[in-house]
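Data first, discussion second: the structure below is written as structure tokens.
Order of the sequence lines fixes the chain letters, A, B, ..., with proteins taken first and strands second; residue numbering starts at 1 for each chain. In this text, all values refer to a predicted model and were calculated from it rather than measured experimentally.
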Amino acid sequence: MLEIKDLVTEYGSVKALNGISLLAHEGKITTVIGANGAGKSTLLRTISALEHPHSGSISWKNKSIVGLSPEKIVRLGIAHVPEGHAVISQLSVEENIQMGALFRMRSNKADVRLAIQEIYQLFPRLEERKKQLAGSLSGGERQMLAISRALVSRPSLLLLDEPSLGLAPLVVEQIIQTVNDLCRNTGLTVLLVEQNANTALGVADHGILLSLGTVAADLPAAQMKADVALRAAYLGY
Amino acid sequence: MDIFLSAIFAGTSRGAIYALAALGLVLVWRGAGVVNFAQMGQAMFSTYIASTLIAQNYSYWIAFVVALISGGVLGGLVDLLVMRPLNRKRSSSVLDSPAMRSTVPVIASLGILGVLQAAAGMIWAAEERGFPTPVNSLGLVINGKIMPFTAFDLFVIGIVFVTLLATTFFFKGTGMGLAMRASALNPEVARLSGIRIGLVRTLSWVISGVASSLAGLLVTPSANLSPYTLDLILIIGFTAAVVGGLDSLLGSVIGGFALGLLVSFVNVYDAPEDIFLAILIVLLTVLVIRPQGILGSKEVRRV
Amino acid sequence: MSKASSYGRKNLVISILFTALVFFLSIKLDPYNQGQLSVALMFFIGILSIVLLTGASGQISLGQGALMAVGGFAAALGILNLGLSIWLAIALAVFAALLAGLLLGIAAARLSGPYLAGTTLVIALAIPSLATRFESVFGGDVGLTIDFGNPPAWLTSLMGEVGYEQWQLLATLPFATLALFFTSNILNSRTGRSWRALRDNEVAASLAGMKISETKIFVFVISSGFAGLAGVLYGLRGIVGPSVYPISLSLLLLTGAVLGGIRSILGALIGALLVVFLPDLVEWASASFSPSEQIANYLPAMISSLLLILTVVLNPGGIAHGLHHKKRHH
């Protein structure tokens with residue numbers, strides 16, 4: 001279980017997160033929705049230690065992870081796919097995937113090979129293009145690659161930041177479905193940040209609505225999806 | 001014809017040295033995203049160490065190896081003592097713009113150059129020293145004329161290609177090489193992939209330190225050693241690296257040989273005073289027409 | 001409007017106080033220190049060119065010494081071949097440097113960071129080598145001889161005997177004041193703000209409708225004018241030649257700019273005083289433990305390089321930044 005209590009993160013004097021508390025249960029998809037600037041990305045960036053929290057606690061499987069480096073957090077099984085199809089466009093598709101497994105290449109080479117095979121089964125298009133530079137891929141393929149880069153580390157918690165950003169609805173559907181399957185079949189825990197609330201709440205077990213750095217609502221996903229007043233107030237539709 | 005041949009030979013042997021200097025610059029650029037203007041200062045310092053050992057009757061090869069090691073150690077120290085704290089300081093208000101972020105490491109490396117040159121002056125009194133070659137340095141004879149090309153030059157060219165092959169394999173064929181490229185291209189994604197970018201950066205400073213002290217050792221037999229002699233090599237090496245493409249190992253070697261020939265031809269057919277003007281013209285031409293260099297990839301240059 | 005004019009008034013007051021202080025020192029100091037102070041004022045002007053270029057607009061140049069050389073040679077040619085007075089020669093020097101800055105800026109506007117640093121470094125080497133190339137015009141390695149001449153009669157009748165160093169200082173002073181006044185006005189103007197916008201976020205500045213290349217070239221031109229002014233004054237001490245404007249001069253100015261504070265006019269002054277007086281200071285401070293000549297020769301360079309690294313790593317804003325910071329807190 002990912003447990004966050006009273007988390008405060010500041011950029012200069014601006015409180016991007018102002019006392020956030022939430023739970024993400026193992027094997028479930030928890031989605032964090034909210035308008036632009038609500039603090040969704042900052043939340044993920046603080047969990048993976050790209051930002052240092054000002055105060056509050058974050059624990060994963062009952063162990064505090066505050067104060068660890070991002071490199072260390074990956075080794076604990078927490079993989080973060082940041083916003084904007086974060087791949088390295090000057091590296092090949094293959095290299096982008098390998099990159100995610102470098103840290104355990106020496107200790108578990110056989111499993112890394114297996115993990116890469118599984119990823120190619122999951123996204124056959126990436127195998128077809130494995131020698132191409134990541135920069136030459138389409139937006140959807142790049143997002144698949146970014147997710148693959150995270151999955152190859154065999155995470156138990158996946159932090160996914162706006163995978164739908166700038167993609168066609170059909171592609172979004174495919175990516176979200178893949179994540180959903182992974183969660184249901186392998187017991188992966190997912191924390192999914194989305195602006196596209198409908199899609200996210202459609203697959204999630206639980207929904208958390210952020211507004212201006214605080215939690216505005218914390219409900220089962222189906223219930224949040226049905227709450228028209230809540231959506232009108234915070235998401236504008 | 002003889003003049004032409006000798007210009008080619010002289011250019012090739014100079015070019016090999018420029019290629020090594022350029023390789024050293026590219027290694028740090030690709031591994032840490034910094035152009036290290038202190039590089040030939042580090043090379044000068046480790047060559048002085050070698051020269052001191054040789055003066056105390058140690059063999060050339062022992063001195064050679066010690067110089068390479070000290071070059072690597074110096075490179076690592078530069079990273080640990082200066083560049084790493086600088087990276088941590090990135091939140092400072094003076095460093096918060098991209099323009100300044102790429103400028104400040106340059107200034108820091110100039111400070112390191114100054115420290116190394118002053119230290120060498122204090123320790124070795126800035127006396128000009130000769131430096132031996134490990135192999136025969138008699139000129140090659142063609143048509144009864146002695147050409148400016150020796151077995152030592154051949155040795156240097158051999159070393160350039162071995163270095164090029166080894167580093168290319170390292171970058172393309174090993175996990176650490178991949179980690180290095182990833183850290184320089186996108187530190188954030190690299191860290192999220194579990195790559196210890198601090199360690200990787202330090203390692204690339206060490207490797208580049210070794211490569212540049214190699215350049216220092218090999219150039220010094222033809223140019224006397226003083227705290228400032230290698231500065232010009234750095235400037236030509238930089239131009240070679242830009243001409244070839246700052247992110248391309250092969251490009252930097254090609255650029256090195258191209259500049260060697262350029263310098264040699266200007267020397268023979270024009271006048272030595274024009275060398276820097278010629279280099280400037282080549283540099284500006286490349287930057288205007290093909291800013292990413294001959295073999296550089298387009299996206300690496302973040303304007 | 002009223003804000004702008006209050007800036008203007010403040011600048012005027014500061015400039016007058018600055019002039020008065022240096023004038024007072026010019027009477028009190030011995031000839032050696034008069035000479036040193038005049039060099040510091042020349043460096044102040046040179047460092048202001050870096051404050052404008054690097055501090056305000058974020059472009060680095062390791063070639064300010066080359067632009068100083070352009071100014072120096074233009075003036076020397078004007079004086080020796082056209083018989084210009086030093087004042088007209090100074091104007092000619094600034095004009096020549098502005099022109100050189102325009103050419104340089106056109107090339108440099110496409111470059112940034114290490115590329116710009118390396119290219120300007122090559123320029124710093126290439127320009128002085130022209131002097132040896134065209135020996136008959138530029139005097140080769142030796143260079144051309146020019147000087148400040150004798151103090152005008154009205155000055156000696158006003159102040160009594162005026163020594164050469166004192167005259168050098170007094171002749172430099174109005175230009176330093178002018179540079180100070182001009183820089184603080186431009187940095188507080190709309191133009192200065194647009195430069196900072198360019199430095200902080202080029203993409204945003206371009207989206208806001210700023211012409212990026214034109215602005216960069218403009219900064220280069222202005223900055224080069226300052227460098228040219230510094231260069232001609234520096235040459236008027238006696239000789240204009242490649243040995244007067246070596247690459248180490250460019251690096252020394254950059255060191256001064258960073259130590260003092262690369263974004264601050266006060267910092268430029270502090271930095272200039274520091275790099276000029278540091279060797280004297282070190283000699284004075286190390287006298288008690290009398291180091292060998294070998295060490296003493298390199299001690300100032302070692303200290304200034306160490307200070308440069310420490311400043312960049314620990315306090316990138318330089319001494320002036322520290323001062324402002326303290327002021328705010330106390």
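A side-chain donor-acceptor contact under 3.5 Å links B:S193 to the backbone of B:V189.
Residue with the most contacts toward chain B among A:R104, A:R149, A:K72: A:R149 (heavy-atom pairs, distance under 4.5 Å).
For B:R191, the parts lying near chain A are the backbone and the side chain together; criterion is any non-hydrogen pair under 4.5 Å. Looking at A:M105, neither its backbone nor its side chain comes within 4.5 Å of chain B, counting heavy atoms on both sides.
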Determine whether A:R45 and A:E83 satisfy the following criterion, salt bridge (Lys or Arg N to Asp or Glu O under 4.0 Å), listing intermediate values before the conclusion. CA-CA 10 Å; A:R45 292 177 65 84; A:E83 197 176 11; over 6 Å; no
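A:T9 and A:T42 are not linked by any side-chain donor-acceptor pair at a separation below 3.5 angstrom, with hydrogens and angles left out of the test.
In this structure, the side chains of A:E162 and A:Q195 come closer than 4.5 Å at one or more pairs of heavy atoms.
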